[in-house]
Structures are given as structure tokens and as C-alpha cells.
Student: 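I'd like to ask you about the structure that follows.
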Amino acid sequence: MLNIILMGPPGAGKGTHAVWIAKDFNIPHISTGDMFREAMASGSELGNKIKEVVNSGNLVSDELTCALVKDRLSQPDCANGYLLDGFPRTIPQAEAFKKMGEEIGRGVNLVLNIGCPDEILIQRIAGRRVCPQCGASFNVNTMKPKVEGICDECGHELIQRKDDNAESFKVRLANYYKSTAPLLDFYKEQGLLADFDGNSEAATLKAELTALLEAKK
Ligand code: AMP
């Protein structure tokens, strides 16, 4: 069973690799960032509440985030594994998640960490374009879609995320180092962490990830 957390700084390639991992290993891709963006796009109460926080690059409260994840992980499609992308992002979230995983019998058994140097992340974020429909990621410099501005996967128009600007990125990166990076030790101590180089070719990284996932599934 693959109960996976995908970690890494913003722009490391979590979204890109999450899409094929979910497909190839037949597990749901649960991205808290996508869930929050969907809530904002739908204009729901939750969406309006978190809009400013998300667009400025800050973190949504642990309480709201954990409630959302608990609800999603309790769905039947998570019974045979899951891929969490963007959660947990703080030590309190990781602790709450450990408890909820035990409660619902769906604890994490593998943490994939995609590392990447800051200067590469900054370049990638500036060129990133995403599909608001299926979540696929592209880059105007390094990973161009076949047709400019159009998603290869589903044909929807690509957009630039509101928080993919220099100012919000700075906040997101600072939050990553302050609140999220300490989780690497938390999972290392539990023997769950596997490190990967997000600066290597996408195909190389895919092959390395596939080898580990095949061995663990
Ligand atoms: P992402 O798509 O993972 O980069 O997330 C986009 C934004 O959603 C983040 O910058 C946060 O504002 C919010 N967000 C996503 N996941 C979390 C989380 N686990 N905890 C708090 N805020 C989150």
C-alpha cells in the first residue's frame, strides 16, 4: 500500500510528479493547494475566508487545513493508498495528521522529498503556467505545452497562479524554511523519508521515483 506524502519547496516539481504518480499507481492525488484554489474559484464561504492568505503566500490555519484533509482522507477512494501533495506543512499539522491517520487506519508509510536550490525555484515559478481544470503544470521556458497557452492533458486554457509572483514567492519560500522544512527531520526520525534531486532531468527523476514506488507498493 502506498500512503504517500510528497514534500519539497514551492517549484520543486511536486505537482508535475504527483500527476503521473497518481495515474501510474492508481491512487488519488490530494493537493491541499488545489482544494483551496477550487474553494476560492467557487466563491464558497471557505474560499472567501482564505483568499487573501493564499494569494499573499501565507499559510491557511492548521485547524481549517486539517479538517479539510481528514474529510478527504476518510473518502472510500483513499482506502487503497493516497498521494498527499502540500500537506502537512507545519509540525502541528504533521502531529494532527499522525493522530488522524491512526484513527482512520490510513497512516503514512512513505515520504518523498524533492529538494531544489532556491535560484532554480525562483526561475521556475516565474515561468510556471498551470491548468486550472486538471492541475497539470507547464513552464514557458523549460516545459512548454504543445500549443502555447493550452493544456496538453485536457485542452483547457492555462493560467498563471496569483501567488506565482516574486513577492508572494518570497513569503512562500520563507514559510517553507521556517514551518515546513523541519518536517523532514520529523519523518527522517520515523524512517519514512526518501530524498530526491528536483534539479535533475524530469525523466531521470521519474525513473528514480518509479523504482522506489515499485519496490514499496
Ligand atoms: P500549493 O499549491 O501547495 O503551493 O499551495 C498554495 C497555497 O495554499 C499555499 O501557499 C497556502 O496558502 C495554501 N496551502 C496549501 N496547503 C496548505 C497547508 N497544508 N497548510 C496551510 N496552507 C496551505
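Since we're looking at a predicted model, the values are computed, not measured. Ligands are counted one by one from 1 in listed order, and the atoms in each one are counted from 1 as well.
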Student: Taking the side chain from Lys14 and the backbone from Leu6, do they hold a donor-acceptor pair closer than 3.5 Å?
Tutor: no
Student: Among protein heavy atoms, which sits nearest to atom 16 (N) of ligand 1, and what does the distance come to when rounded to 0.1 Å?
Tutor: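 Closest protein heavy atom to atom 16 (N) of ligand 1: Thr32 OG1, 2.8 Å.
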Student: Among all protein heavy atoms, pick the one closest to atom 7 (C) of ligand 1 and tell me residue, atom and distance.
Tutor: Val54 CG1, 3.9 Å
Student: Could you tell me whether some N/O pair between Gly86 and ligand 1 is separated by less than 3.5 angstrom?
Tutor: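 Yes; at least one N/O pair falls below 3.5 Å.
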Student: Just jot down the ligand 1 atoms closer than 4.0 angstrom to any heavy atom of Gln93, in number order.
Tutor: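 Atoms satisfying the 4.0 Å criterion: 18 (C), 19 (N), 20 (N), 21 (C).
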Student: For atom 22 (N) of ligand 1, find the nearest protein heavy atom and state the residue, atom name and distance (0.1 Å precision).
Tutor: Val60 N, 3.1 Å
Student: Indicate whether any N or O donor in one side chain lies under 3.5 Å from an N or O acceptor in the other, for Asn113 and Asp195.
Tutor: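 Checked: Asn113/Asp195 side chains pair up, N/O donor to acceptor below 3.5 Å.
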Student: Just to confirm my output: which protein heavy-atom neighbour is closest to atom 4 (O) of ligand 1, and how far is it?
Tutor: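 Ranked first by proximity to atom 4 (O) of ligand 1 is Arg161 NH2, 3.0 Å.
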Student: Can we say Lys188 and Asp185 salt-bridge, meaning some charged N sits less than 4.0 Å from an Asp/Glu carboxylate O?
Tutor: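 Result for this pair is no, no salt bridge flagged.
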Student: Classify the contact between Thr65 and ligand 1 as side chain, backbone, both or neither, using a heavy-atom distance cut-off of under 4.0 Å.
Tutor: side chain
Student: Any chance you could lay out the salt bridge (Lys or Arg N to Asp or Glu O under 4.0 Å) test for Asp164 and Arg172, step after step, and finish with the verdict?
Tutor: CA-CA 10 Å; Asp164 275 352; Arg172 286 156 65 203; 3.0 Å; yes
Student: Looking only at heavy atoms, what is the nearest atom pair of Pro10 and Tyr176, with distance?
Tutor: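 That would be CD-CB, 4.1 Å.
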Student: In terms of residue, atom name and distance, what is the protein heavy atom nearest to atom 8 (O) of ligand 1?
Tutor: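 Answer, as residue, atom name and distance: Phe36 CD1, 3.8 Å.
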Student: Any salt bridge between Lys206 and Glu201, counting N to O under 4.0 Å?
Tutor: no
Student: Any N or O on Asp34 sitting closer than 3.5 Å to an N or O of ligand 1?
Tutor: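 The answer is no, given that Asp34 and ligand 1 share no N or O pair closer than 3.5 Å.
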Student: Using a 3.5 Å cut-off on N or O atoms only, is Asp85 in polar contact with ligand 1?
Tutor: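 Not met; the criterion fails.
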Student: N/O of Ser31 under 3.5 Å from N/O of ligand 1, yes or no?
Tutor: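 N/O-N/O distance under 3.5 Å: no.
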Student: Are Tyr177 and Asp118 linked by a side-chain donor-acceptor pair shorter than 3.5 Å?
Tutor: yes
Student: Counting heavy atoms only, which part of Glu52 comes closer than 4.0 Å to ligand 1: side chain, backbone, both or neither?
Tutor: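 Glu52 to ligand 1: no contact under 4.0 Å from either part.
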Student: Between the main-chain N or O of Arg89 and the side-chain N or O of Gln93, is there a donor-acceptor pair closer than 3.5 Å?
Tutor: yes
Student: Considering only NZ, NE, NH1 and NH2 on the basic side and carboxylate oxygens on the acidic side, decide whether Glu167 and Lys170 come within less than 4.0 Å.
Tutor: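 Lys170 and Glu167: not salt-bridged.
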Student: Side chain or backbone of Lys14 under 4.0 Å from ligand 1, or both, or neither, by non-hydrogen atoms?
Tutor: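 None of Lys14 does.
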Student: Who gets closest to atom 5 (O) of ligand 1 by heavy atom: Arg89, Lys51, Lys162?
Tutor: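 Selected option, by shortest heavy-atom distance: Arg89.
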Student: Of the side chain and backbone of Ile50, name the one, both, or neither that has a heavy atom under 4.0 Å from an atom of ligand 1.
Tutor: neither
Student: So is there a nitrogen or oxygen of Leu59 less than 3.5 Å from a nitrogen or oxygen in ligand 1?
Tutor: no
Student: Checking the side chain of Asn139 only, and the main-chain atoms of Arg124 only, is there a donor and an acceptor separated by less than 3.5 Å?
Tutor: yes
Student: Is there a side-chain contact (heavy atoms from CB on, under 4.5 Å) between Phe97 and Leu84 once you walk through the steps?
Tutor: CA-CA 11 Å; Phe97 177 55; Leu84 270 172; 3.5 Å; yes
Student: Just need the protein heavy atom nearest to atom 12 (O) of ligand 1, so name the residue and atom and give the distance.
Tutor: Asn58 O, 2.5 Å
